[in-house]
**Student:** 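Below: one structure in structure tokens.
Just so it is clear, the values below take in all heavy atoms, side chains as well, and ignore hydrogens, waters and symmetry mates. Just so you know, these numbers come straight off a predicted model, no measurement behind them. Counting convention: from 1, in listed order, for ligands and their atoms alike.
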Amino acid sequence: MQFSLFETPENNSSSHKLPLSEGDVTYFPQALSKNDADTFFELLKAELPWRQDSIRLFGKPVKIPRLQSWHGDDDCTYTYSNLTMSPNPWTNSLLSIKDCCEALCAATQNTKFNSVLANWYRDGQDSMSFHSDDEPELGINPVIASVTLGEARPFVFKHKETKEKYTQVLEHGSVLIMAGTTQSHYVHGIAKTAKPIGGRINLTFRHLIHRTR
Ligand SMILES: O=C(O)CCC(=O)C(=O)O
Ligand SMILES: [Fe+2]
């Protein structure tokens with residue numbers, strides 16, 4: 001399937017840098033057209049092999065509050081919160097969205113991504129606790145492109161030492177690019193909400209370096 005996908009950094013005039021003193025984060029509100037974002041949301045919901053993993057908390061398995069799916073090149077095994085995930089293959093939808101993210105990065109960092117973590121927040125009770133994407137296989141100062149499809153949710157950055165906090169609502173069809181020292185200085189997360197809201201899919205495209213089989 002061919003998509004008339006993205007707006008380029010040049011014509012995406014509403015893109016802007018977030019005001020973080022020690023981070024490098026750019027927000028592209030309409031990286032995907034509404035039509036393409038709607039289509040990808042439905043395709044990914046139906047075609048990815050979603051699973052609900054458990055992590056061990058004080059010795060007990062606890063289900064994480066969302067569904068996930070890890071995809072990438074064959075050698076992109078990823079360990080995250082003590083979970084080791086072997087990659088599922090790329091799908092056409094994921095590859096199209098990856099191209100879009102690489103085009104948005106081209107103006108600043110020449111990043112090629114080899115993997116993506118998909119998260120499906122089924123409703124307001126699904127969330128992601130504060131963390132940094134600072135696993136060793138991401139290398140120093142990783143570039144991570146985060147795509148939002150579906151319900152807009154507030155994405156909060158919190159500085160690890162100072163009290164600095166910044167919230168960006170991530171909208172349907174948007175791409176957020178985190179680069180530079182963002183991961184070393186800030187944690188980020190998605191809070192639960194009691195509001196009755198719809199589902200949201202987030203894709204974080206990554207480039208893994210120390211790859212194992
Ligand atoms: O859902 C989001 O916007 C954040 C996802 C995230 O932080 C991650 O996958 O590491
Ligand atoms: Fe993250």
Side-chain angles (χ1 to χ4, degrees), residues 18 20 23-29 31-32 37 40-41 44-45 48 50-53 55 63-72 76-85 87-88 94 97-98 100-101 104 111 113-160 165-193 197-208:
L18 303 195
L20 298 175
D24 177 359
V25 183
T26 310
Y27 182 58
F28 297 88
L32 303 178
F40 284 130
F41 182 58
L44 293 173
K45 246 195 320 191
L48 300 193
W50 298 103
R51 49 186 249 191
Q52 187 170 23
D53 287 308
I55 52 166
K63 283 188 173 173
I64 59 170
R66 61 190 177 273
L67 304 185
Q68 291 189 320
S69 189
W70 173 245
H71 296 257
C76 287
T77 294
Y78 192 40
T79 302
Y80 163 97
S81 290
N82 288 328
L83 279 175
T84 297
M85 300 185 281
N88 290 298
L94 290 173
I97 303 171
K98 179 166 90 73
C100 167
C101 292
L104 288 176
T111 305
F113 301 108
N114 57 11
S115 51
V116 61
L117 178 63
N119 281 290
W120 179 3
Y121 303 81
R122 296 158 294 178
D123 58 29
Q125 289 308 294
D126 278 353
S127 61
M128 186 171 295
S129 52
F130 279 114
H131 67 280
S132 307
D133 293 304
D134 57 0
E135 288 77 18
E137 56 265 58
L138 291 170
I140 299 164
N141 298 342
V143 177
I144 297 174
S146 162
V147 180
T148 289
L149 303 168
E151 191 75 42
R153 300 272 299 254
F155 185 74
V156 181
F157 285 97
K158 218 166 59 175
H159 195 285
K160 292 179 189 176
K165 222 172 161 182
Y166 187 81
T167 301
Q168 173 68 55
V169 173
L170 301 182
E171 298 153 293
H172 186 45
S174 69
V175 175
L176 185 80
I177 297 176
M178 298 185 273
T181 57
T182 308
Q183 305 302 329
S184 51
H185 290 299
Y186 297 85
V187 290
H188 56 260
I190 301 270
K192 293 185 196 304
T193 170
I197 59 166
R200 167 179 184 266
I201 290 176
N202 176 265
L203 307 171
T204 42
F205 289 89
R206 298 144 189 262
H207 180 82
L208 299 200

**Student:** Under 6.0 Å from the ring centre and within 45 degrees of the ring axis: does the NZ or CZ of K158 meet both conditions for the six-membered ring of F130?
**Tutor:**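 Satisfied, under 6.0 Å and within 45°.
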
**Student:** Looking at R206, which atoms of ligand 1 are within less than 4.0 Å of one of its heavy atoms?
**Tutor:** 8 (C), 9 (O), 10 (O)

**Student:** Determine whether a donor-acceptor pair (N or O, by modelled atom type, separation under 3.5 Å) exists between the side chain of Q125 and the backbone of K192.
**Tutor:**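 Here the side-chain-to-backbone pair does not exist.
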
**Student:** Show which atoms of ligand 1 fall inside a sub-4.0 Å distance from at least one heavy-atom site of L117.
**Tutor:**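 Matching atoms, with element in brackets: 9 (O).
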
**Student:** Would you say T84 and T79 are linked by a side-chain donor-acceptor pair, where the criterion is simply a distance under 3.5 Å?
**Tutor:** yes

**Student:** Which protein non-hydrogen atom lies closest to atom 1 (O) of ligand 1, naming both residue and atom, and how far is it?
**Tutor:**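 Ranking protein heavy atoms by distance from atom 1 (O) of ligand 1, first comes Y121 OH, 2.5 Å.
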
**Student:** Specify side chain, backbone, both or neither for Q168, according to which of its non-hydrogen atoms lie closer than 4.0 Å to ligand 1.
**Tutor:** neither

**Student:** Do S69 and R51 pair up side chain to side chain, a donor and an acceptor below 3.5 Å, judged on atom types alone?
**Tutor:** no

**Student:** Could you establish whether H131 and ligand 1 come within less than 4.0 Å of each other, counting only heavy atoms on the residue side?
**Tutor:** yes

**Student:** Is it the case that the side chains of Y78 and E137 hold a donor-acceptor pair, with the cut-off being a distance below 3.5 Å and no angle test?
**Tutor:**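 Looking only at side-chain atoms, Y78 and E137 do not form any donor-acceptor pair under 3.5 Å.
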
**Student:** Which of the listed options, R200, M128, M178, Q183, holds the heavy atom that is closest to atom 6 (C) of ligand 1?
**Tutor:** M128

**Student:** Is the contact between I190 and ligand 1 made by the side chain, the backbone, both, or neither, using heavy atoms and a 4.0 Å cut-off?
**Tutor:** side chain

**Student:** Taking heavy atoms and a distance under 4.0 Å, where does D133 meet ligand 1: side chain, backbone, both or neither?
**Tutor:** side chain

**Student:** When you look for heavy atoms under 4.0 Å from ligand 1, do you find them on the side chain of R153, its backbone, both, or neither?
**Tutor:** neither

**Student:** Nearest protein heavy-atom contact for atom 4 (C) of ligand 1: which residue, which atom, what distance?
**Tutor:**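 The closest one turns out to be F155 CE1, 3.6 Å.
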
**Student:** Counting the benzene-type ring for Trp, do Y186 and H159 have ring centres under 6.0 Å apart?
**Tutor:**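 Distance test on ring centres: under 6.0 Å, yes.
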
**Student:** List in chain and number order the residues that pass side chain to side chain contact (heavy atoms under 4.5 Å, CB included) with H131, two or more places apart in sequence or in another chain; answer none if no residue qualifies.
**Tutor:**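 So H131 forms a side chain to side chain contact (heavy atoms under 4.5 Å, CB included) with M128, D133, H188.
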
**Student:** The Fe ion (ligand 2) as vertex, arms to NE2 of H188 and OD2 of D133: angle to 10°?
**Tutor:** 90°

**Student:** Between D123 and R153, which heavy-atom pair has the shortest distance, and what is it?
**Tutor:** O-NH1, 3.3 Å

**Student:** Do F157 and V25 have side chains that get closer than 4.5 Å, going by heavy atoms?
**Tutor:** yes

**Student:** Are side-chain N/O atoms of S184 and K160 paired as donor and acceptor at under 3.5 Å?
**Tutor:**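 Absent: no donor and acceptor within the cut-off.
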
**Student:** What part of N119 sits under 4.0 Å from ligand 1 if we count only heavy atoms: the side chain, the backbone, both or neither?
**Tutor:**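 Side chain only.
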
**Student:** So, is N202 polar-close to ligand 1, with some N/O to N/O distance under 3.5 Å?
**Tutor:** yes

**Student:** Any atoms of ligand 1 less than 4.0 Å from a non-hydrogen atom of H188? List them with their elements.
**Tutor:** 7 (O)

**Student:** Measure from the Fe ion (ligand 2) to every N/O/S atom of H131 and report the name of the nearest one.
**Tutor:** NE2

